Amino acid sequence: QVQLVESGGGLVQPGGSLRLSCAASGSISRIYAMGWYRQTPGKQREWVARITSSNFTNYSNSVQGRCTISRDNAKNTVFLQMNSLKPEDTAVYYCYLDGYLDGSLRYWGQGTQVTVPS
């Protein structure tokens, strides 16, 4: 099936920047969109951003203006550039791939930790 491998997480000081990467491989027949969720222990998973196969992008209000999502179609890779990081951004970030618009075929990455200390 499909595997998503994330990288780029780590510890960053407030105001710093980080770029997350997610590379998809395996039996990929189609990609409607790829994006990111994040989750902090004890809290609900929060959607962060997505980019469609036609390069339309969407962002949550919490990261709008600070993050940019992009992709490399040739490598089935999506990136999340995060700037002006805040302690509230601390979470495990999960990459996802949607094969269809309705999300009926969704794959998840293993997650990568982003920590921004107070």
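Just so you know, these numbers come straight off a predicted model, no measurement behind them.
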Which atoms form the tightest heavy-atom contact between [X] and [Y], and what is the distance?
{"X": "Pro117", "Y": "Pro87", "result": "O-CG, 3.6 Å"}
{"X": "Leu80", "Y": "Ala49", "result": "CD1-CB, 4.3 Å"}
{"X": "Ser25", "Y": "Ile28", "result": "N-CD1, 3.8 Å"}
{"X": "Ala91", "Y": "Gln113", "result": "O-NE2, 3.4 Å"}
{"X": "Gln3", "Y": "Gly26", "result": "OE1-CA, 3.9 Å"}

Please check if Leu20 and Tyr96 belong to a single hydrophobic cluster, counting links between Ile, Leu, Val, Met, Phe, Trp and Tyr side chain heavy atoms closer than 4.5 Å.
no
Please answer: with hydrophobic residues joined when any side-chain heavy atoms are less than 4.5 Å apart, are Val78 and Tyr107 in the same cluster?
yes
Given side chains that start at C-beta, do those of [X] and [Y] come closer than 4.5 Å, heavy atoms only?
{"X": "Val5", "Y": "Cys22", "answer": "no"}
{"X": "Leu4", "Y": "Val2", "answer": "yes"}
{"X": "Lys86", "Y": "Arg66", "answer": "yes"}
{"X": "Trp36", "Y": "Glu6", "answer": "yes"}
{"X": "Thr40", "Y": "Thr90", "answer": "no"}
{"X": "Tyr100", "Y": "Arg30", "answer": "yes"}

With no hydrogens and no angle check, do the side chains of Ser62 and Glu46 hold a donor and an acceptor under 3.5 Å apart?
yes
Among Asn58, Ile51, Val63, whose side-chain contact (heavy atoms from CB on, under 4.5 Å) with Ile69 holds?
Ile51
Let me know which of Leu105, Asn76, Ile31 forms a side-chain contact (heavy atoms from CB on, under 4.5 Å) with Leu97.
Ile31
Assign the ring pair Tyr94 / Trp108 to parallel, tilted or perpendicular, where the plane angle (0 to 90°) is split at 30° and 60°.
perpendicular
OG of Ser118 to CD of Glu88: how many Å apart, nearest 0.5 Å?
8.0 Å
One should read off an interatomic distance between Asp89 CG and Met82 CE, to the nearest 0.5 angstrom, of 4.5 Å
For Phe79, the ring-ring contact (aromatic ring centres under 6.0 Å, His included) test, sequence neighbours excluded, returns none
Apart from Tyr32 itself, what residues make up its hydrophobic cluster when side-chain heavy atoms of I, L, V, M, F, W and Y under 4.5 Å apart count as a link, directly or indirectly?
Leu101
Walk me through it: do Cys95 and Met34 pass the test side-chain contact (heavy atoms from CB on, under 4.5 Å)?
CA-CA 7 Å; Cys95 172; Met34 295 182 69; 4.0 Å; yes
Walk me through it: do Leu85 and Leu18 pass the test side-chain contact (heavy atoms from CB on, under 4.5 Å)?
CA-CA 8 Å; Leu85 285 165; Leu18 206 61; 4.0 Å; yes
Please report the C-alpha distance between Tyr93 and Tyr37 in whole Å, then the side-chain angles of each, then the deciding distance to 0.1 Å, and finally whether the ring-ring contact (aromatic ring centres under 6.0 Å, His included) criterion is met.
CA-CA 6 Å; Tyr93 284 71; Tyr37 278 79; over 10 Å; no
With side chain to side chain donor-acceptor pair (under 3.5 Å) as the rule and sequence neighbours excluded, what pairs involving residues 7-19 come up?
Ser17-Asn83
